[in-house]
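Step one of this worksheet: look at the structure below.
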Amino acid sequence: MNKIPNRQVICETLMEHAATDKDIVVLCSDSRGSASMTPFSKEFPEQFVETGIAEQDLVSISAGLAKCGKKPYAASPACFLSTRSYEQCKIDCAYSNTNVKLIGISGGVSYGALGMSHHSAQDIAAMSAIPNMRVYLPSDRLQTKCLVEALLADEKPAYIRTGRNAVEDVYEEGNVPFEMDKATVVCEGSDVAIIACGEMVKPAKDAAALLKEQGISATVLDMYCVKPLDRDGIIKAAQNAKAVITVEEHSPFGGLGSMVAQVVGAECPRKVINLALPDAPVITGTSKEVFDYYGLNAEGIAKTAAEAIK
Amino acid sequence: MENLKALAYALRQDVVNMIVEGKGGHIGGDMSVMETLVALYFKEMNISPANMDDPDRDMFVMSKGHSVEALYAVLAAKGFFPIEEVIAKFSKFGSPYIGHPNNKLPGIEMNSGSLGHGLPVSVGMALAKKMNKQDSRVYVVMGDGEIAEGSVWEGAMAASQYGLDNLVAVLDRNRLQISGCTEDVMHQDPVEARFEAFGWNVYSVDGQDIDALCDAFEKAKTVKGKPTLVVANTTKGAGSPVMENKAAWHHHVPNAEEYEQIMKDLKEREEAARHE
């Protein structure tokens, strides 16, 4: 069982590069511990900026740094980063086109029992609606590393959401298929297509195994690149299937499900079922308890998929 | 040396023409901030079309982005783009000269329009210049109504925390905002003491006096370990009694009669400045 959360991999990957690339700067809003960025702040104090509990400032300062050639990574809880500083993300990063990488940590319902103030079930919709903002939800630690390496090589703004807890590996160490802005085909099948992002990819993969036992063959697509959405990948997966299931740790509105339905509806009409969090404050519990309650687990996904193609 | 006082009145005429042609514009704040922009662009800042991509240039952020017409007039006078083109195209369909700053135009660093962004963005720039060990400076202009935005004070705290003595903020203190007097809408006096309490070095000067502004900018260069705020005490609509100190002229297009009078007043003041 993997014990390394994706956020820690972001820190480690940045540290690997920060020694030789002095333009890499990490910013936190009293969030270095929860972002796993304490090691970075200790090893590279000259490349670390603390803004205090001021998320708007965190993003604006990042934009100013980027304008002067720095490569800022602003890490703050996704719930605050995507709402409190939404306008700064829109204007100072996306509109001004600054090379700011926004790291939304403890995304979705990671802060399970802390209530709706600490949940970010709207960040995919909010961030995707901003022109020139990219949105990524890596599925496991291995893909997270590939993603951060790719982001270090470009100069455009992006929002990256990660969860708080370690997630089981989807891929194998040393064998991680990754092409920037192309969804990863986890497995291919001919009955149903399951398109998931972030922490929902692993249960989607496990659901495919359960379906196989029932004689149903499923494609699983890891849509870590929610924006720019891999339209071709969706069409290819949907064309081979009788129905499409989307799975996301997000509100049912404006997230992965909405985007996939737009593409499938226009290009290759199929039944599209969106598994998501409810349009309501979620039930109190750990994120696993919350996922289980709403059917956002392997059993729930498999059940929905099997019923969809009946 | 160019007569900057006369230039400020000449550029005001460009602003009025822009607003009349474009049928819209924030004329009152354009007029109050003009001397600040002229002082910065023609005397203080090391920035021109020749060095606009040089990492060591001074950087400017127009946080009160609605005064973009004044900025366009000054940037055109600096040679970033032709003023005739700005006047002909301002705010028109498909125009690059939109009603708030955008950095697709040469000479504009950051997009603005929503208030309260410029100061924290400038904090990032000044911080980067410190990290890069560059001696160049960062200037930001805010409106006085703008500082009701909480993000301004987040930026003020951070600038002080990081001792950004390479950062100068100018407050265009014209005492009027769209709904009326700043002191009635959300009072800020004594604004100097408020910023001082946040750890800033503060000068309060006649913001329509280019020499006084330049004097403050020069003194700011000698201050170590603190950011500087220059409170530019100005008159909204400065340049013609037709628009001076009238909140209704925050956003207003002069009619034909007003246009004639304003242009006459501005030309007279320009001429008088040339013969001082």
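Chain identifiers are assigned alphabetically (A, B, ...) following the order of the sequence lines, protein sequences preceding nucleic acid strands; residue numbering begins at 1 within each chain. Since the model is a prediction, treat every value here as computed from it, not as a measurement.
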Chain A neighbours within residues 111-141 of chain B, where any heavy atom lies under 4.5 Å away
B:N111, B:S114, B:H117, B:P120, B:V121, B:V123, B:G124, B:M125, B:L127, B:A128, B:M131, B:N132
Considering only heavy atoms, give the residues of residues 143-174 of chain B separated from chain A by less than 4.5 Å, sorted numerically, with 'none' for an empty result.
B:S151, B:E154, B:G155, B:A158, B:Y162
Under 4.5 Å from any heavy atom of chain B, what part of A:K67 do you find: side chain, backbone, both or neither?
both
Side chain from CB out, backbone as N, CA, C, O: work out which of these in A:E46 comes under 4.5 Å of a heavy atom of chain B, or both, or neither.
backbone
Could you pull out the closest heavy-atom pair between B:I98 and A:Y95, with the gap in Å?
CD1-OH, 3.4 Å
Is any side-chain heavy atom of B:K104 less than 4.5 Å from a side-chain heavy atom of A:N97?
no
Hey, which of A:V49, A:I61, A:T98 has the most heavy atom pairs under 4.5 Å with chain B?
A:I61
What residues of residues 99-110 of chain A make heavy-atom contacts with chain B at a cutoff under 4.5 angstrom?
none
Got a sec: does the [atom1] of [X] have more than 12 other heavy atoms crowding it under 6.0 Å?
X: B:M52; atom1: CE; result: yes
X: B:H187; atom1: NE2; result: no
X: A:L114; atom1: CG; result: yes
X: A:K145; atom1: NZ; result: yes
X: B:E218; atom1: CD; result: yes

Tell me the salt bridge (charged side-chain N to carboxylate O under 4.0 Å, His left out) pairs involving residues 119-138 of chain A, sequence neighbours left out?
A:D123-A:R161, A:R134-A:D154
